[in-house]
Amino acid sequence: MGPIQVKCRCGEKNCPEWAIIEVQGVIEVKSELQNRLETLEIGRLCRPSSQETYTFVIGYHELTGSKVKLKKPLMVLKKVKQSDESQEANPESSSTVELDVIGVIRQKILFKSRPKALITGSKKT
């Protein structure tokens, strides 16, 4: 296999900004939802306009976190397979692979504290 080319068609200053959401622990998904992970809604992420803190509500749990700058930025890449006319004549030849830059990650939202329960026990009357 030859070298893999990485291309950024959007330009350095125009590349979309992405962020990572980091939680401590595991988010478990029910087995019947495993085939829908791409469209699965995990929770609700909010940032009050006057603060630099974020809240992430997952089910009956609320997490509080903050934005942290990464030491080194990360690129988000999409694999693109180029079909070559010579490949059609010789199907055994390897195809060219190219990676497109579709985003840059410069920060993460870190949720490192324990979640707060949003439900309390019911009162007996």
Side-chain angles (χ1 to χ4, degrees):
M1 177 185 252
I4 298 174
Q5 290 188 337
V6 177
K7 293 186 176 180
C8 183
R9 294 177 188 4
C10 53
E12 183 181 346
K13 302 291 183 195
N14 299 324
C15 220
E17 285 278 331
W18 290 40
I20 296 172
I21 295 176
E22 182 178 328
V23 293
Q24 309 300 314
V26 177
I27 297 175
E28 294 183 7
V29 179
K30 293 179 182 179
S31 59
E32 62 265 17
L33 300 174
Q34 287 292 330
N35 61 344
R36 295 187 355 188
L37 289 179
E38 288 183 8
T39 60
L40 184 64
E41 184 177 315
I42 296 171
R44 187 182 56 220
L45 179 67
C46 301
R47 181 182 65 87
S49 60
S50 62
Q51 302 176 12
E52 277 302 311
T53 60
Y54 291 78
T55 59
F56 191 25
V57 178
I58 303 172
Y60 299 112
H61 303 284
E62 182 181 79
L63 298 149
T64 303
S66 59
K67 193 183 290 187
V68 177
K69 187 175 179 179
L70 297 176
K71 290 179 182 177
K72 293 184 179 182
L74 302 170
M75 289 191 307
V76 181
L77 303 172
K78 180 179 179 182
K79 185 177 178 180
V80 180
K81 228 178 195 181
Q82 300 291 326
S83 59
D84 200 8
E85 290 178 13
S86 62
Q87 184 182 358
E88 293 172 10
N90 186 6
E92 294 177 9
S93 68
S94 62
S95 60
T96 306
V97 174
E98 205 174 86
L99 298 174
D100 277 348
V101 178
I102 58 172
V104 176
I105 301 171
R106 291 189 173 91
Q107 54 203 352
K108 66 181 174 182
I109 302 170
L110 178 61
F111 297 94
K112 61 182 178 182
S113 60
R114 296 185 66 79
K116 179 177 81 172
L118 295 177
I119 297 181
T120 58
S122 63
K123 293 183 180 180
K124 292 185 179 181
T125 56

Mind listing the closest non-hydrogen atom pair of C15 and V101 along with its distance?
-> SG-CG1, 3.7 Å
Inspect the surroundings of CZ in R114 and state if more than 12 heavy atoms from other residues, nucleotides or ligands are less than 6.0 Å away.
-> no
For residues 21-46, the ring pair (Phe, Tyr, Trp, His ring centres under 6.0 Å) pairs (sequence neighbours left out) are none
What residues, two or more places apart in sequence or in another chain, satisfy side chain to side chain donor-acceptor pair (under 3.5 Å) together with Q107?
-> none
Which one of V68, L45, L63 satisfies the side chain to side chain contact (heavy atoms under 4.5 Å, CB included) criterion with I109?
-> L45
Got a sec, which pairs hit ring pair (Phe, Tyr, Trp, His ring centres under 6.0 Å) with one end in residues 20-43, sequence neighbours left out?
-> none
To the nearest 0.5 Å, tell me how far T55 OG1 sits from F111 CZ.
-> 7.0 Å
Residues at least two apart in sequence or cross-chain that pass side chain to side chain donor-acceptor pair (under 3.5 Å) with E32, listed by chain then number, are none
Can you sort out the partners of E41 under salt bridge (Lys or Arg N to Asp or Glu O under 4.0 Å), two or more places apart, ordered by chain and number?
-> none
Supply the members, apart from I20, of the Ile/Leu/Val/Met/Phe/Trp/Tyr cluster built from side-chain contacts under 4.5 Å; use none for a lone residue.
-> W18, L70, L74, V76, I102, I105
Qualifying ring pair (Phe, Tyr, Trp, His ring centres under 6.0 Å) pairs with a residue from residues 25-49, counting only residues at least two apart or across chains = none
Output every pair passing side-chain hydrogen bond (donor to acceptor under 3.5 Å, both in side chains) with a member in residues 58-69, not counting sequence neighbours, ordered by first then second residue.
-> Y54-K67, E62-K116
Partners meeting side-chain contact (heavy atoms from CB on, under 4.5 Å) with V29 (sequence neighbours left out) | L33, Q34, L37, L40
Would you please name every residue forming a salt bridge (Lys or Arg N to Asp or Glu O under 4.0 Å) with K112, sequence neighbours left out?
-> none
Could you grab the distance from atom NZ of K78 to atom CG of D100, nearest 0.5 Å is fine?
-> 7.5 Å
Across all chains, not counting sequence neighbours, the side-chain contact (heavy atoms from CB on, under 4.5 Å) partners of K79 are V97, L99
